[in-house]
Amino acid sequence: MANTNLPRRIIKETQRLLSDPAPGISASPSEDNMRYFNVMILGPTQSPYEGGVFKLELFLPEEYPMAAPKVRFLTKIYHPNIDKLGRICLDILKDKWSPALQIRTVLLSIQALLSAPNPDDPLSDNIAKHWKANEAEAVETAKEWTRLYASGT
Amino acid sequence: MAVALLISISLIFLGVTVLILVHICIMGRPSSLSSQPSERKQGGLSPKELQKLPCFNYQVGEKRETELSSDCAICLDIFMKGDKCRLLPFCGHSFHVKCVDSWLMKVPRCPVCRAEVESMGLEARDDGSGCGFRCESSLNQRIEVRV
């Protein structure tokens, strides 16, 4: 099935992710499709997402690593660079992808994006407008959404 | 009368010639300019351009084995003795030929540092030393510098 002829690179990355996970990040492949990963990212400290556990899905397309992985938030999140479908606006997932990047580096970048929202390059216009007009209030909404939708288990 | 007619005919002829020359100048230049860069920028490098990039067979030296980063950043495999590798001339990063070529055909940038891999700068070394064994010595020098 999808697991036959899995490139060595994917096997290596998977082994390293499982044996030496990055802090605050867990990624494990699905049993029936080794290209599909269930991901969890802990909200970074000192961000509005602190205390939250965010679920994501990550899929390695056939062309990987010559094409970027497809990543999407499954947990609802109030962030100017993430839309309501969970799609993420991050350059390395699009035109800045490079085959020297890995699943680990992609997830670390997403974790960093949670610490540093960028309303000047929005994916969600309303949230970005809110962020620019009244950052303190937007941060409060983000904290509330974290409590409501990302409070673990 | 005949002289005036002759002069006006020759003036018309001269004017048309000048117009044709101007047209050739204007139309000729952009097409010759645009054909090369657009071919390269649309995608990555062509197989011909890839051939011009330096290539070498990986050698395992006593010192180098421990001191040089010995993984290919694309397949994550360790470089083995005799592996066919490619050295990107402007940044000095190396990868397996088969790994980096499939990327450079899509995007002409180094996977590690994003330095542009231009074929223009490589024209000068179009001496057949592309993918062979002749670059080995020059690579050894580079490796020494990097270590």
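Residue numbers begin at 1 in each chain, while the letters A, B, ... track the order of the sequences. Because the structure is predicted, anything quoted here is derived from the model rather than measured.
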Assigning hydrophobic clusters by single linkage (Ile, Leu, Val, Met, Phe, Trp, Tyr; side-chain heavy-atom cutoff under 4.5 Å), is B/Ile78 placed with B/Phe95? no
Could you pull out the closest heavy-atom pair between B/Lys106 and A/Met66, with the gap in Å? NZ-O, 2.7 Å
So which of A/Ala100, A/Pro99, A/Pro65, A/Pro7 has the biggest tally of heavy-atom pairs under 4.5 Å with chain B? A/Pro99
Closest non-hydrogen atom pair, B/Trp103 against A/Trp97: CH2-O, 3.3 Å
Are A/Leu56 and A/Leu123 linked, directly or through other ILVMFWY residues, by side chains that come within less than 4.5 angstrom of each other? no
Any donor-acceptor pair under 3.5 Å from B/Arg114 side chain to A/Lys96 backbone: yes
Out of curiosity, does A/Tyr36 fall in the hydrophobic cluster containing A/Val39 (side-chain heavy atoms, cut-off under 4.5 Å, transitive links)? no
Reported CD1-to-CG distance for the pair A/Ile10 and B/Leu76, which is rounded to 0.5 angstrom: 10.5 Å
Give, as side chain, backbone, both or neither, the part of A/Leu101 having an atom under 4.5 angstrom from any heavy atom of chain B. side chain
Taking everything shown except A/Lys12 itself, do over 12 heavy atoms lie less than 6.0 Å from its NZ? yes
Answer with side chain, backbone, both or neither: which region of B/Cys72 has an atom nearer than 4.5 Å to a non-hydrogen atom of chain A? neither
Same cluster (ILVMFWY, side-chain, under 4.5 Å), A/Leu93 and A/Phe59: no
Hydrophobic clusters here meaning ILVMFWY residues chained together by side-chain heavy-atom distances under 4.5 Å, can you tell me if A/Ile103 and A/Leu74 are in one? no
In terms of side-chain geometry, is the basic nitrogen of B/Asp77 or A/Arg9 positioned less than 4.0 Å from the acidic oxygen of its partner? no
